[in-house]
Amino acid sequence: MEEVTKEKKNLNFLEQIIEEDLANNTHGGTITVRFPPEPNGYLHIGHAKSICLNFGLAQNYGGKCNLRFDDTNPAKEDVEYVESIQEDVRWLGFQWADEPKYASDYFEELYQMAVKLIKDGKAYVDALTPDEVQAYRGTITEAGRPSPWRDRPIEESLSLFERMRNGEFEDGRYLLRAKIDMAHTNMFMRDPLLYRIRNIEHHRTGKKWAIYPLYDFAHGQCDYIEGITHSICTLEFIPHRPLYEWFLEQLADPTKIIPHQYEFARLNMTYTLMSKRKLLQLVQNKVVTGWDDPRMPTISGMRRRGYTAEGIRNFAERIGVAKRDNLIDISSLEFSIREDLNKKAIRFMGVLDPIKVIITNYPEAGGDLIIATNNPEDETMGKRLMKFSREIYIERDDFMEVPQKKYHRLAPGKEVRLRYAYYITCTDFVKDTDGQITEIHCTYDPETFGGQSEDNRKIPGTIHWVDAASAIDAEVRLYEPMFTDPTPEAYENEIEPKKFMHFLNPNSLTVIRAKVEPAVAESGREATFQFERKGYFCVDKDSTTENLVINRTVTLRDSYAKAQQK
RNA sequence: UGACCUAUGGUGUAAUUGGCAACACAACAGAUUUUGGUUCUGUAUUUCCAGGUUCGAGUCCUGGUAGGUCAACCA
């Protein structure tokens, strides 16, 4: 009993609405929702929130979720986007009901609905120019004036509308508008535009249509046609809702499912650009290599970078959904990614900034085979073998000539553990003329094979390493987070948004040559792995056998680095 | 200066609908650790303001204040 009441808590406002509707049998005891992107760009992390919300609601309440392309503006749309959107939704782990839907599937029905409005005296063909339309509409504080064509006879509008459809007029010559109220305090109710003339090819309907419906007329009617019960969109559509409802009042059969619109706050994230328009600009201006550039906040960019679908879904769940404007700290996303990767990622040895270590008392010929654990917290992930010999590489910052306090890695005279291998003690080091350390000399303790000693002496530091002879060179792309300016206004006003971006900052991309263990090259391009103490990485899709390319997925939470900063 | 929306720790989101303000991230401190990771424990920081109703208000009422959205033939 306790448990039941507990589960009823912590519902977000949409879940509360849906549970109430389900309880009242409002729509026959079921729900149908939809995710309705316009195919004019790739999906980004903001869309992921909406996808998880809509598909998640359908899943949790035994309903359906449609994927519907809102393709009513052919000037901006393309099949490339249609395909990438489907791929991204599927990759995120969701399946839409039936086939994908398109607003363009309903162009004929929409047209007939518009004809009905004209016949009912609720719509008319206008002949104002764009400037005139704007002037007649009034302003936020002043009422608009009726168009001189507002009372055009029904028969005349009907005939003109048909001729618009047939492509008899040039773009912009005529418009179809609803006849509502030019003095309404809500601008969207001042005789909204229904159809405009566009003599261009549509990516699905080709040259069949010369007129295309606008969002306000199309969206609600598409929802109605598909039997959507809950039409969930973002906050900026709130003022559209009265219009959404007006159209349904005129056109919908009240015995059928009447959809309702609900709004939630879109995702804003610190240091992250969430505007499709500006992301498109970055692609077009070749600031990035494409929509799936690992620096992009797109779903495809994050996928390429090694983010997991489950991590993104957990993030969406974690941030919740409400109606107030928000600015989510990006560390919350990174936490969700790490949390998932911590369970799934193999721990490989990789040395990003190599420095050679010679173990002077180790035999020159031969070597040891070392058994490494793929994931110490998950035995089922297995083990692998690594070579160990007299010459190895370690991370440059794992050695300090003069160790600072609390530094417990390698330093002259100090002993550390080479992970899975031996304890070594630094005896000497070599510097070049610039004072750069080029080589470290150590001795090893043969009694510590596997990284353990019988006397159980305390070894404060464990460092990782790769065998010099068998190591593979890799090009590692470090996408360093650049925290330049966290305010959302900054992105909006900045001409070059990359300056403010978490990863799009030009200084964020560092390419280095690293030494990695051979197994990394065989790990494939899907799996993300961890270089211990350096972060999570994944092999890039452009990687070749000659040139191993690795992207850094996300850094580790590193309190040592933070302590150093202070 | 019109209409609409929203105000809960640094950031998000809850609060059994009027009954002890909590969960996650971030921060800090400690323990464990063959990753300065993970895990575990702990600390600090919260109801926009002013009135009112009530035994009792984050929640209800009145009045303010702040932020957001809207004047594309975009969605």
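First the proteins, then the strands, lettered A, B, ... as listed; each starts at 1.
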Among the nucleotides B:U8, B:U38, B:C73, whichever has the atom closest to the side chain of A:Asn342 is B:U38
Gap in Å between the two P atoms, one belonging to B:G10 and one to B:U46, rounded: 7 Å
Between B:U38 and B:C28, how far is it from one P atom to the other, in whole Å? 13 Å
Mind checking the P distance from B:U6 to B:U39? Whole angstroms is fine. 37 Å
Check: A:Phe161 ring centre within less than 6.0 Å of A:Tyr195 ring centre: yes
Testing B:G12, B:C73, B:C25 for proximity to the side chain of A:Ile328, the answer is B:G12
Remember a base hit wins even if backbone is also touched, and classify A:Gly461 as base, sugar-phosphate or nothing at under 4.0 Å, heavy atoms. nothing
Using Watson-Crick geometry (N1-N3 plus N6-O4 or O6-N4) or G-U wobble (N1-O2, O6-N3), each under 3.5 Å, B:U65 is paired with B:A7
Nearest-neighbour nucleotide for the A:Leu327 side chain, B:G12, B:G68, B:A75 considered: B:G12
At less than 4.0 Å, is any side-chain N or O atom of A:Arg177 found next to OP1 or OP2 of B:C73? Yes or no. no
RNA chain B nearest-nucleotide lookup for A:Gly172 and A:Thr141: closer to the 5′ end is A:Thr141
Between the side chain of A:Tyr407 and the main-chain N/O of A:Asp398, is any donor-acceptor distance below 3.5 Å? yes
Of all the nucleotides listed (B:C5, B:A71, B:A75), which has the minimum atom distance to the side chain of A:Gln134? B:A71
If I pick the C1' atom on B:G2 and the same atom on B:A71, what distance separates them, to the nearest angstrom? 11 Å
A:Ile140 side chain, from C-beta outward: closest of B:G2, B:G36, B:C74: B:G2
Is there, by distance only and without an angle test, a donor paired with an acceptor across the side chain of A:Arg241 and the base of B:C4 below 3.5 Å? no
Between B:G36, B:G2, B:G37, spot the one nearest the side chain of A:Arg533, thanks. B:G36
For B:U43, glycosidic torsion class - syn if within 90° of 0, otherwise anti: anti
Could you tell me whether A:Glu377 and A:Lys343 have a side-chain N and a carboxylate O separated by less than 4.0 Å? no
When you compare B:G58 with B:U47, how far apart are their C1' atoms, in angstrom units rounded to a whole number? 5 Å
Using a heavy-atom cut-off of 4.0 Å across all strands, would you classify A:Asn326 as base, sugar-phosphate, or nothing? sugar-phosphate
Have a look at A:Tyr420 and say if it touches a base, only the backbone sugar-phosphate, or nothing, with a 4.0 Å heavy-atom cut-off. base
Applying a 4.0 Å non-hydrogen cut-off, can you work out what A:Asn12 is touching in the nucleic acid: base, sugar-phosphate, or nothing? sugar-phosphate
With heavy atoms under 4.0 Å as the rule, sort A:Phe335 into base, sugar-phosphate or nothing. sugar-phosphate
Minimum-distance nucleotide to A:Arg338 side chain [options: B:A26, B:C73, B:U35]: B:A26
For A:Ser50, does its backbone N or O pair with a side-chain atom of A:Asn54 as donor and acceptor, under 3.5 Å? yes
Looking for any heavy atom pair under 4.0 Å, which part of the strands does A:Ser336 touch: base, sugar-phosphate only, or nothing? nothing
Mind checking A:Arg318 for me? I need base, sugar-phosphate or nothing, with any heavy atom below 4.0 Å counting as a touch. sugar-phosphate
Closest-nucleotide 5' rank along RNA chain B - winner of A:Pro36 and A:Leu235: A:Leu235
So which nucleotide from B:A72, B:U38, B:A75 ends up closest to the side chain of A:Glu377? B:U38
Side chain of A:Gln281, backbone of A:Arg277: donor and acceptor closer than 3.5 Å? no
Have a look at A:Arg417 and say if it touches a base, only the backbone sugar-phosphate, or nothing, with a 4.0 Å heavy-atom cut-off. base
Determine the interatomic distance between C1' on B:A26 and the same-named atom on B:U17; round to the nearest Å. 31 Å
Give one of base, sugar-phosphate or nothing for A:Arg190, where a contact means two heavy atoms less than 4.0 Å apart. nothing
For A:Arg347, report the nucleic acid contact type (base, sugar-phosphate, nothing); a contact means any heavy atom under 4.0 Å. base
Can you tell me the base-pairing partner of B:U59? Count Watson-Crick or G-U wobble geometry only, both distances below 3.5 Å, and say none if there is no partner. none
Between B:U54 and B:C60, how far apart are the two C1' atoms, rounded to whole Å? 10 Å
Is the positively charged end of A:Arg145 above the ring of A:Tyr136, judged by distance under 6.0 angstrom from the centroid and angle within 45° of the axis? yes
Electrostatic pair A:Arg204:A:Glu77 at N-O distance under 4.0 angstrom: no
Face-to-face contact A:His408 to B:G36 six-ring, under 5.5 Å, under 30°: yes
Tell me whether B:A72 sits syn or anti, counting syn as a glycosidic angle within 90° of 0. syn
Under 4.0 angstrom, heavy atoms only, what part of the nucleic acid is A:Thr129 near: base, sugar-phosphate, or nothing? base
Have a look at A:Gln16 and say if it touches a base, only the backbone sugar-phosphate, or nothing, with a 4.0 Å heavy-atom cut-off. base
Does A:Thr139 reach a base, just sugar-phosphate, or nothing at all? Heavy atoms under 4.0 Å. base
Students often get this wrong, so: under 4.0 angstrom with heavy atoms, is A:Glu263 touching a base, only sugar-phosphate, or nothing? nothing
Measure from the side-chain heavy atoms of A:Ile238 and tell me the nearest of B:C74, B:G37, B:C4. B:C4
When you compare B:A21 with B:U62, how far apart are their C1' atoms, in angstrom units rounded to a whole number? 25 Å
What's the closest nucleotide to the side chain of A:Pro376 if the choices are B:U1, B:G36, B:U35? B:U35
OH/A:Tyr420 to OG1/A:Thr373 distance, rounded to the nearest 0.5 angstrom? 4.0 Å
